[in-house]
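Structure first, then comments.
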Amino acid sequence: MLTQNLRETLLGKKIDNANILSISDAKLIRDEKLRQDLDYKIVIITGVTGQDGSHMVDYLLKHTNAIIFGGVRRLSVYNHKNLAHISSDRFFLVNFDLTDSHSIASVIDKIRPDYFINFAAQSFVASSWDFARQTWETNCTAVLDILEAIRLYRPNCRFYNAGSSEEFGNVSYSPQNELHPLKPRSPYGASKAAARQIVKVYRDSYNLYAIQSWLFNHEGTRRGEEFVTRKISKGVARISHEISQGVVPTPIELGNIYAKRDWSDSEDFVQCVWMMLNQERYRSELNPAQYCVPVYSPKAIESLKEYVLSSNETHTIKEFIELAFACLSIRGRWEGTDINEKYIDNNTNHVLISINSNFYRPAEVELLLGDSTEFRNDFNWTPQTSFKELVQKMVSHDHADQCRNFIRSIK
Ligand code: NAP
Ligand code: G4F
């Protein structure tokens, strides 16, 4: 823990989650001597209001002594729900917008981070057709801006960009590993594939510790509500409540329920991201001395690897639905085909799921199945949460939330 005195010397005034640390207040953290003496690392994490960014903050606060700056953009409505539980004098918010190259350069210049973890993105594939340019600028152009600022102001900063299994798109073979070709099917997938290329170009050209993994789908209780798993877990909680109150439930409307995804727990993956950013601590063939330097050598950088992270299982949306309802003891049967297919409650005969073609996409990734053997072997890692446990965790959380809201509403 930083003492009050030290923190004030080092970081300027204390802020809380409602306030943003001004860059001028952070100027003292540029004192390299003090930083070395104290032996702490400074980490910038973008996307901290989202799922992965907020879990990454939790992970680093728990497992390291790092000082963390969470990048947040200004929105008209306060959206820091995923950060509300954090109370630490090692966590600060800083104004940061990926679509503003000045903001990116200014933050990196002033804070001079040791690590930059970029979880911010326009991450919703379905919207990427509606906002193709914004998706491109947020997910790809901004990555170039970050790399350029790191090159100029902090070349030994380690950079991680969250790549995606969507880059594999229309897959050529299963399971997909690091050698699978990039065949994106959406503006989102294309933006991540392009970001991957520029990360590699900067890594090779300037010897930056800059990497991008392929993350297969990962979920949890902080997952955005428009993604299919959370839409289902929240819908199941609502329907269970409606049935218990004797109300005819409104079905959950979905699109392609035959798509297959490889789902993991976000909390498992943030640990892996930190491991990838510190490869020399885990991969015995690397020489740690080569990574404790102000400037990395070509040899050190060439030895870095980029990895697939996945559960190595695939399930249809239908399987997720069946399991989610079963968690609350609701069993159903499928009837009808195509747009008329429905999931019917065996007990009440109410329709639980129906299809709405508005949720079909212009181009679909039908199957994702990862092969994360390389990462598992190199880092001696296995995931903590199974598919079944993940579904249970999400449904239990949303069910408890539903019950709490109901109790509040009748008080
Ligand atoms: P998420 O919950 O949607 O979070 C996205 C974050 O990005 C939010 O904090 C959002 O801030 C921020 N953001 C968006 N536009 C921004 C901008 N212009 N400037 C600054 N911040 C901006 O996403 P996630 O599921 O945590 O995913 C994290 C990363 O992993 C993303 O890059 C995603 O593409 C990638 N990924 C995710 C998965 C997955 O299954 N979850 C799989 C593969 C790759 P606001 O709250 O202000 O909107
Ligand atoms: O939950 P989804 O929206 O996730 P998607 O498209 O797989 O993308 C997620 O995973 C990617 C990694 O592969 C990330 F890069 C990306 O940032 C994001 O986190 O949709 C999953 C599947 C799709 O096949 C979709 O067509 O579910 C299908 N689906 C069916 N009905 C639906 C719905 N998806 C959504 N969001 N809403 C539906 O009503």
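Atoms within a ligand are numbered from 1 in the order they appear, just like the ligands themselves.
Given atom 43 (C) of ligand 1, the protein heavy atom at minimum distance is Leu215 O, 3.1 Å. From the protein, the heavy atom lying nearest to atom 6 (C) of ligand 1 is Gly47 CA, 3.6 Å. Atom 4 (O) of ligand 1 has Gly50 CA, 3.5 Å as its closest protein atom, hydrogens excluded (heavy atom only). The shortest contact between atom 21 (N) of ligand 1 and any protein heavy atom is with Ala120 CB, 3.6 Å. Here the protein heavy atom with the shortest distance to atom 29 (C) of ligand 1 is Phe119 O, 3.3 Å. The protein atom (non-hydrogen) at minimum distance from atom 2 (O) of ligand 1 is Gln51 N, 2.9 Å. Closest to atom 10 (C) of ligand 1 among all protein heavy atoms lies Thr49 OG1, 3.9 Å.
Close approach of ligand 1 to Ser164 is summarised as follows: ligand atoms under 4.0 Å from at least one heavy atom of the residue are 43 (C), 44 (C). The contact set between ligand 1 and Leu75, taken as ligand atoms under 4.0 Å from a residue heavy atom, comprises 47 (O). Against a heavy-atom cut-off of under 4.0 Å, Asn79 is close to the following atoms of ligand 1: 45 (P), 46 (O), 47 (O). For ligand 1, the atoms sitting less than 4.0 Å from at least one non-hydrogen atom of Asn217 are 40 (O), numbered in the order shown with element in parentheses. Shown in contact with Phe96 at under 4.0 Å from a heavy atom are these atoms of ligand 1, numbered in order with element: 20 (C).
Between Lys183 and Glu167 there is no salt bridge, since no side-chain nitrogen of the basic residue lies less than 4.0 Å from a carboxylate oxygen of the acidic one.
For Ser372, the side-chain contact (heavy atoms from CB on, under 4.5 Å) partners are Val308, Ser310, Asn312, Arg376, not counting sequence neighbours. Under the rule for a side-chain contact (heavy atoms from CB on, under 4.5 Å), the partners of Glu313 that lie at least two apart in sequence or sit in another chain are Ser311, His315, Phe387.
Using cut-offs of 30° and 60° for the angle between ring planes, the Phe379 and Phe375 rings count as parallel. By the 30° and 60° cut-offs, the orientation of the rings of Tyr291 relative to Tyr209 is perpendicular.
Gln51 and Asn82 make their closest contact through N-ND2, 4.2 Å (heavy atoms, listed as atom of the first residue, atom of the second, distance). In plain terms, the two heavy atoms of Arg196 and Ser213 that are nearest each other are NH2-O, 2.8 Å. Ala149 and Ile108 make their closest contact through CB-CD1, 3.7 Å (heavy atoms, listed as atom of the first residue, atom of the second, distance).
The closest donor-acceptor contact from the side chain of Arg90 to the backbone of Leu61 lies under 3.5 Å. Listed for the Lys231 side chain is a donor-acceptor partner under 3.5 Å among the backbone atoms of Glu253. For Arg230 (side chain) and Arg223 (main-chain N/O), a donor-acceptor pair under 3.5 Å exists by modelled atom type. Side-chain atoms of Ser191 come within 3.5 Å of backbone atoms of Tyr188 as a donor-acceptor pair (strictly under, hydrogens ignored). At least one donor-acceptor pair under 3.5 Å links the side chain of Ser386 to the backbone N or O of Glu389. In terms of modelled atom types and a separation under 3.5 Å, the side chain of Asp338 and the main chain of Asn340 share no donor-acceptor contact.
With a heavy-atom cut-off of 4.0 Å, Asp52 touches ligand 1 through backbone and side chain alike. Residue-level proximity to ligand 1 for Tyr188 is carried by the side chain, the only part with a heavy atom below 4.0 angstrom. Of all the heavy atoms of Val72, none lies under 4.0 Å from any atom of ligand 1, so neither backbone nor side chain is involved.
Closer than 4.0 angstrom to ligand 2 by heavy atom are Ser123, Phe124, Val125, Ser164, Ser165, Glu166, Tyr188, Leu215, Asn217, Arg223, Glu226, Phe227, Val228, Lys231, Glu253, Leu254, Gly255, Asn256, Ala259, Arg261, Ile317, Phe359, Arg361, Glu364, Leu368, sorted by chain and number.
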Q.
Apply side chain to side chain contact (heavy atoms under 4.5 Å, CB included) to residues Phe216 and Phe168 and explain how you reach the verdict.
A. CA-CA 10 Å; Phe216 280 67; Phe168 298 139; 3.8 Å; yes
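A salt bridge (Lys or Arg N to Asp or Glu O under 4.0 Å) with Arg261 holds for exactly one of Glu219, Glu364, Glu319; it is Glu364.
Note on ligand 1: Trp214 sits outside its first shell, no heavy atom being nearer than 4.0 Å. Ligand 1 lies within reach of Arg223, whose nearest heavy atom is under 4.0 Å from it. Under the 4.0 angstrom criterion for non-hydrogen atoms, Asp97 is in contact with ligand 1.
Between atom 15 (N) of ligand 1 and the options Arg73, Gln122, Glu219, the minimum heavy-atom separation is to Arg73. Relative to atom 38 (C) of ligand 1, the option among Glu226, His218, His55 with the closest non-hydrogen atom is His218. The closest heavy-atom contact to atom 32 (O) of ligand 1, among the options Arg230, Glu167, Arg222, Lys192, comes from Lys192. The residue from Ala121, Ser123, Ala142 that puts a heavy atom closest to atom 14 (C) of ligand 1 is Ala121. Of all the listed residues (Ser266, Gly163, Ala162), Gly163 holds the heavy atom that lies closest to atom 44 (C) of ligand 1.
Annotation: Leu98 places an N or O atom under 3.5 Å from an N or O atom of ligand 1; distance criterion only.
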Listed pairs under 3.5 Å, donor-acceptor, residues 115-122 side chains, sequence neighbours left out:
residue: Tyr115; atom: OH; partner: Asn278; partner atom: OD1; Å: 2.5
residue: Asn118; atom: OD1; partner: Thr46; partner atom: OG1; Å: 2.5
residue: Asn118; atom: OD1; partner: Ala120; partner atom: N; Å: 3.4
residue: Asn118; atom: ND2; partner: Asn161; partner atom: OD1; Å: 2.8
residue: Gln122; atom: OE1; partner: Phe124; partner atom: N; Å: 3.0
residue: Gln122; atom: NE2; partner: Phe124; partner atom: O; Å: 3.2
residue: Gln122; atom: NE2; partner: Thr135; partner atom: OG1; Å: 3.2

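Both tests do not hold together for Lys110 against Phe69: distance to the six-membered ring centre under 6.0 Å, angle to the ring axis within 45°.
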